[in-house]
Amino acid sequence: MRTLAMLLLLATATLAGDLVDRLYLVRVMTESVGRMGPERRVLAAAAVPVGPDGLLMATGFALDAPEGDHAALQVSAVAPDGTEFSARLLGGDDDLRCTLFRLDLAGAKAPEPLALDGAALPIGTRVTLMTRYGAEFGHRVRSIDSWIEASSSGPDAVGALKSGSAEWRGMVAASTDGQRLLGFVDTRSAVGDQSSGALIGVGG
């Protein structure tokens, strides 16, 4: 799954356009059998189109396609214009902390995929972190400005964010003009001695 997700992100053509208007919201309702009987859980996260035919990638969690006594009762995605689609959960990747979905387009036009700008982010680079809320907040986008306080090189270019917080998990990192997808927020690790920042990038 890691190789697939990386290829999808790096091979697609970079497109102009404000990322605020390209974010989807995916929702998954699952049911599992616990000691007290059936237990339902709803996950919601921002997602970006990363491949053809309605392929979406949500970050901040890895959720496998349900099997056995776990069942996905409902999987859906809300487009930036508010249109709601049924979707299929394809599976998650623990290393990338991401989950892939496929839109049921039913004849609708597939969203154009976004490409990750994999360039290293120098210390001091300002970025905008954004996510999309659910219906209770009108599917609006929340954004937070931040900057890179440490960075590392390697196959996965990452940078530590100033004032990292768990509430950033799953957010998309974009250039301050909203034109480039720089990566995703991952709060599980740190760069060097920086322990307060979350990572930007696919994996770490």
Side-chain angles (χ1 to χ4, degrees), residues 1-2 5-6 8-10 12 14 18-28 42-50 55-63 77-78 80 92-101 113-134 137 139-204:
M1 182 68 78
R2 177 181 176 84
M6 287 296 291
L8 288 170
L9 283 167
L10 297 176
T12 53
T14 301
D18 198 328
L19 290 182
V20 168
D21 298 324
R22 307 290 298 281
L23 282 182
Y24 280 67
L25 176 78
V26 292
R27 291 194 301 256
V28 182
V42 177
L43 289 173
V48 293
V50 293
L55 189 66
L56 301 180
M57 179 177 173
T59 63
F61 66 95
L63 186 64
V78 179
D93 186 292
D94 287 328
D95 290 334
L96 287 176
R97 199 69 173 163
C98 73
T99 303
L100 293 176
F101 297 84
L114 291 166
L116 178 70
D117 185 338
L121 300 173
I123 295 173
T125 301
R126 298 198 68 83
V127 299
T128 297
L129 310 178
M130 58 183 71
T131 191
R132 183 175 290 280
Y133 283 123
F137 294 103
H139 298 122
R140 68 183 178 86
V141 172
R142 176 194 181 194
S143 63
I144 302 173
D145 287 333
S146 186
W147 66 92
I148 302 300
E149 65 175 356
S151 62
S152 70
S153 58
D156 296 327
V158 297
L161 295 169
K162 182 66 176 176
S163 303
S165 167
E167 69 176 304
W168 289 355
R169 182 167 53 182
M171 280 190 164
V172 172
S175 56
T176 53
D177 62 4
Q179 302 299 302
R180 292 180 296 131
L181 176 63
L182 301 178
F184 306 93
V185 176
D186 184 339
T187 59
R188 298 170 298 166
S189 306
V191 177
D193 296 329
Q194 302 295 334
S195 59
S196 64
L199 295 184
I200 288 183
V202 181

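The analysis underlying the following values was restricted to heavy atoms, covering all of them including side chains, and did not include hydrogens, waters or symmetry mates.
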A.B. asks: Taking the side chain as everything from C-beta on, heavy atoms only, tell me whether Leu19 gets closer than 4.5 Å to Leu114.
C.D. replies: yes
A.B. asks: For the backbone of Arg180 and the side chain of Ser175, can you confirm whether one donor and one acceptor N or O come within less than 3.5 Å of each other?
C.D. replies: yes
A.B. asks: Please tell me if the side chains of Cys98 and Phe184 come closer than 4.5 Å, counting only heavy atoms from C-beta onward.
C.D. replies: no
A.B. asks: Test Thr128 against every option in Ile144, Thr176, Leu182, Asp177 by the side-chain contact (heavy atoms from CB on, under 4.5 Å) rule and name the one that passes.
C.D. replies: Thr176
A.B. asks: Please give me the minimum heavy-atom distance between Leu25 and Ala46, naming the atom from each residue.
C.D. replies: CD1-N, 4.3 Å
A.B. asks: Is any side-chain heavy atom of Met130 closer than 4.5 Å to one of Leu23?
C.D. replies: yes
A.B. asks: Side-chain contact test, heavy atoms from C-beta onward, threshold under 4.5 Å: evaluate it for Val172 versus Leu181 and give yes or no.
C.D. replies: yes
A.B. asks: Is the closest side-chain heavy-atom distance between Leu56 and Val26 below 4.5 Å?
C.D. replies: yes
A.B. asks: Mind checking whether Arg142 and Met171 have side chains closer than 4.5 Å, heavy atoms only?
C.D. replies: yes
A.B. asks: Can you name the closest pair of heavy atoms from Ala45 and Ala58 and give their distance?
C.D. replies: CB-CB, 4.3 Å
A.B. asks: Under 3.5 Å, side chain of Arg126 to main-chain N/O of Trp147, donor-acceptor pair present?
C.D. replies: no
A.B. asks: Run the side-chain contact (heavy atoms from CB on, under 4.5 Å) test against Asp21 and tell me which residues pass, sequence neighbours left out.
C.D. replies: Asp18
A.B. asks: With a 4.5 Å heavy-atom cut-off, do Arg22 and Val48 have their side chains touching?
C.D. replies: no
